[in-house]
There are 4 protein chains.
Amino acid sequence: MTDKIHVETSVKDESLIEIRRKQIIRAGVNLFREKGFHRATTREIAKAAGFSIGTLYEYIRTKEDVLYLVCDSIFNEVIDRLSHFPTKPGTIESLKEAIRQYFLLIDNMLDEFTIMYQETKSLPKEAMQYVLSKELEMVAIFQKMIADCVENGVLDLNEKELFLAANHLAVQGQSWAFRKWAMKHRYTIEEYIELQTNLFLNGVLHFRN
Amino acid sequence: MTDKIHVETSVKDESLIEIRRKQIIRAGVNLFREKGFHRATTREIAKAAGFSIGTLYEYIRTKEDVLYLVCDSIFNEVIDRLSHFPTKPGTIESLKEAIRQYFLLIDNMLDEFTIMYQETKSLPKEAMQYVLSKELEMVAIFQKMIADCVENGVLDLNEKELFLAANHLAVQGQSWAFRKWAMKHRYTIEEYIELQTNLFLNGVLHFRN
Amino acid sequence: MTDKIHVETSVKDESLIEIRRKQIIRAGVNLFREKGFHRATTREIAKAAGFSIGTLYEYIRTKEDVLYLVCDSIFNEVIDRLSHFPTKPGTIESLKEAIRQYFLLIDNMLDEFTIMYQETKSLPKEAMQYVLSKELEMVAIFQKMIADCVENGVLDLNEKELFLAANHLAVQGQSWAFRKWAMKHRYTIEEYIELQTNLFLNGVLHFRN
Amino acid sequence: MTDKIHVETSVKDESLIEIRRKQIIRAGVNLFREKGFHRATTREIAKAAGFSIGTLYEYIRTKEDVLYLVCDSIFNEVIDRLSHFPTKPGTIESLKEAIRQYFLLIDNMLDEFTIMYQETKSLPKEAMQYVLSKELEMVAIFQKMIADCVENGVLDLNEKELFLAANHLAVQGQSWAFRKWAMKHRYTIEEYIELQTNLFLNGVLHFRN
DNA sequence: TATGAATGAGCTTTCATTCAT
DNA sequence: TATGAATGAAAGCTCATTCAT
């Protein structure tokens, strides 16, 4: 995996850094959702975070650092949550449950997901590479789950089909975030989960027909 | 459908307007792809279009107009191409062909698609509404094709399943644009089309199992 | 008197020049009144005059030429009108009549007067000198009238008092244009004329008391 | 009276605001006198004020704010000075003294007065209303003085005559500013004051003759 | 550590003027 | 003569970043 980016600080107190960064991230998420990365000003971020512009710059180096912190924090949360489903691996049931948890997670973090996928391109190259590697890490979790099913014999997919299926899941989840404007009048999140799960599982179960 | 937005001009010669707007759109696509809407300057756009900043502003009123022109032109091309498949409607074959054409279209217009979905939020409200309505129009084309299959008895889907399936196609196509960085090392476009088509068709053919 | 400024033209046909200039002046008056000299654009002037921007520049050299043409035309009209009162010079009655005509003239040309006194400073130096000399010419008409009265023995003023009195008249007339916002709710033009005339005549009649 | 306009600031330190605003006003007066409001650039204003363009915009929001600050400051000074004449009200002597002080004040603030009356129209509507209300406030001071004389029986004027007389004073003072180019070769300020005072007092003393 | 005033490069947009047709 | 598309200098304003306190 690409290495984590180090965001430089003038402050030494590690626990203070963590507190401030959480404030910064929360402020960033709210503002970027509202007006996008470019239209949000550092002054606004500092104000929303509850301190002065000077203090903000004690904890970051550039405005893009804020975006990076936001993206990093979102991915970490997603990966963390996906990694801890207490399920029996290698069964259709566990796959269903993972999909469900992932979709619910997205529904809970709509703003964060939207920001992440719309503003990633504004990151500096290095940071973008890192974020993309995180994205792959997330896909890898689905890959692993599906692979377990294949190993268990409940699914029959080759390498290429497997990776496509994992991506498919990742994308269909995200599309709930991006296309909610078109979806929310037609489906509850539960309906959406059920239908998407059906569509997906029927697709992969009969891939070779 | 939401009404088309009128972009004001100081120039009277309609054919000249068309020529210049095409230049502007081409310049916009290239620059927005390269650096995104916010980092591209109007001066750069003018230069890339081959004329002066003053001339640019004879054909648009604000920078956002350029983004709108780009988005509008892309959707018009997509909808135009999708609307003219010479196929027998209501058969799986024709659906396959449509999917294939759509995916190939996206592969040909990777930059345009990427821009459209990443920068739409930077459009002024009215223009955004219009672009979203175009998006729905595109989805509606798939809806119609699938509905024809249902009517013909080759597919069995209810309203909700049908809309979801149509969205599914739209999204999977787009994801070729957004995730090509992760895909291109594993699949050719032809492979991608074949696998996605299989996954989709198997999913919808067995929706109720 | 300072020499008249020559506004250069590419056009040879003198009668055409006159026609176009009249159009330009009318357009200038309307626009300058509405938005001031600086906020009115040459495009707007051309359009209001009924021809293209290119044609406008066939009859003037710079935007300031338009202002000069406007100011020149106004002063010429004022001086022309003031010079042709059919009155017996050297009597209080004729002075009263002149004041009356001057004030009525201003009431008829409110826009023009307002423009002239508010935008004069935007003229190029040479043109400004000329316009100021026209202003003095106007004052000189009043000087002459008052001087006639002095000669006739109906008024008793020395040089300095006489010039001041003439200026006084010029200014009180203009102030009807500038302060109409404060005056119009309290006086009709006829009332204003009567009161100002009284105030002035009583002042000069008893200057030495 | 129309409410004072609030000019927004990003700076919190009130005493610093006052210092900087004074610098801005001084710079504004000098530049507007020299080249007029429209020809003076914000960069020039900032430079003349002694700081950067960025700093200028920490203390104002638009260029028009500078004009407003200038006009407001002038009127406040005028009204302040006029309000504090230590005279016995209701006598011709006190009226003479007030006229004298007002004319001297204008002679001291020639630039300021010229700017104020030539550029007021460039103010945004709200600010213009406010400035005009200040103008009326100034006239009201003269109204009050003359009214005191009427009450004391030393002058005999009705409502309409009184308001006209007060305006007369205001205007004759201003005309020293506007027409100094024509006056200064003929009168010292002291002569001008004496002659204008005579003219005015004789006018009002014999209004009914 | 925290503050916020100061900075100035750089942005979008306007508009007087020109000149080929 | 008349046209109007093209030009680009110059304007107002923003905002990421710094640094003295």
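Keep in mind that what you see is a predicted model, and the values were worked out from it rather than measured. Lettering of chains follows the sequences in order, A, B, ..., and the numbering in each one begins at 1. Scope of the values below: all heavy atoms of this structure, side chains included, with no hydrogens, waters or symmetry mates.
- Across all strands, B/Thr41 comes closer than 4.0 Å only to sugar-phosphate atoms, never to a base (heavy-atom distances).
- Legend: residues meeting salt bridge (Lys or Arg N to Asp or Glu O under 4.0 Å) with A/Lys35, ordered by chain and number and at least two apart, are A/Glu44.
- Look at NZ on C/Lys63: it is 9 Å from P on E/dT17, rounded to the nearest Å.
- A donor-acceptor distance shorter than 3.5 angstrom exists from the side chain of A/Asp65 to the backbone of A/Thr62, with no hydrogens or angles considered.
- Taking atom CG of residue D/Leu56 and atom C1' of nucleotide F/dT14, one finds them 13 Å apart after rounding to whole Å.
- Residue-level contact check: A/Ala46 touches neither bases nor backbone, having no heavy atom under 4.0 Å from any strand.
- Atom-to-atom, CD1 of B/Ile45 to P of E/dT12 comes out at 7 Å; the value is rounded to the nearest Å.
- With no hydrogens or angles considered, no side-chain donor-acceptor pair links A/Gln23 and A/Arg26 at under 3.5 Å.
- For the residue pair C/Thr9/C/Arg21, the side-chain donor-acceptor check at 3.5 Å is satisfied.
- For A/Tyr117, the ring-ring contact (aromatic ring centres under 6.0 Å, His included) partners are A/Phe178, not counting sequence neighbours.
- Nucleic acid contact for D/Ser10: sugar-phosphate only, since backbone atoms but no base atoms lie under 4.0 Å from a heavy atom of the residue.
- Applying the 4.0 Å criterion to OP1 and OP2 of F/dA6, one finds that B/Arg20 has a side-chain N or O inside that range.
- For B/Thr55, a side-chain nitrogen or oxygen approaches OP1 or OP2 of F/dT7 to under 4.0 Å.
- OP1 and OP2 of F/dG4 both lie 4.0 Å or more from every side-chain N or O belonging to C/Tyr57.
- A straight line from CZ of D/Arg43 to C1' of E/dC11 spans 11 Å, rounded to a whole angstrom.
- In this structure, C/Ser52 does not reach the F/dA2 phosphate: none of its side-chain N or O atoms is under 4.0 Å from OP1 or OP2.
- The CD1 atom of A/Ile53 sits 7 Å away from the P atom of F/dA16 (whole-angstrom rounding).
- Classification of the A/Phe37-A/Phe32 ring pair by plane angle, with boundaries at 30° and 60°, yields perpendicular.
- In DNA chain E, consecutive stretches of 3 or more Watson-Crick or G-U wobble pairs with both distances under 3.5 Å are given as paired ranges: E:2-21 with F:2-21.
- Under 3.5 Å, the side chain of B/Arg61 and the base of E/dT13 form no donor-acceptor pair of N or O atoms.
- The base of E/dG10 has none of its N or O atoms less than 3.5 Å from a complementary donor or acceptor on the side chain of B/Arg39.
- In this structure a side-chain-to-backbone donor-acceptor pair under 3.5 Å is present from B/Tyr68 to B/Ile5.
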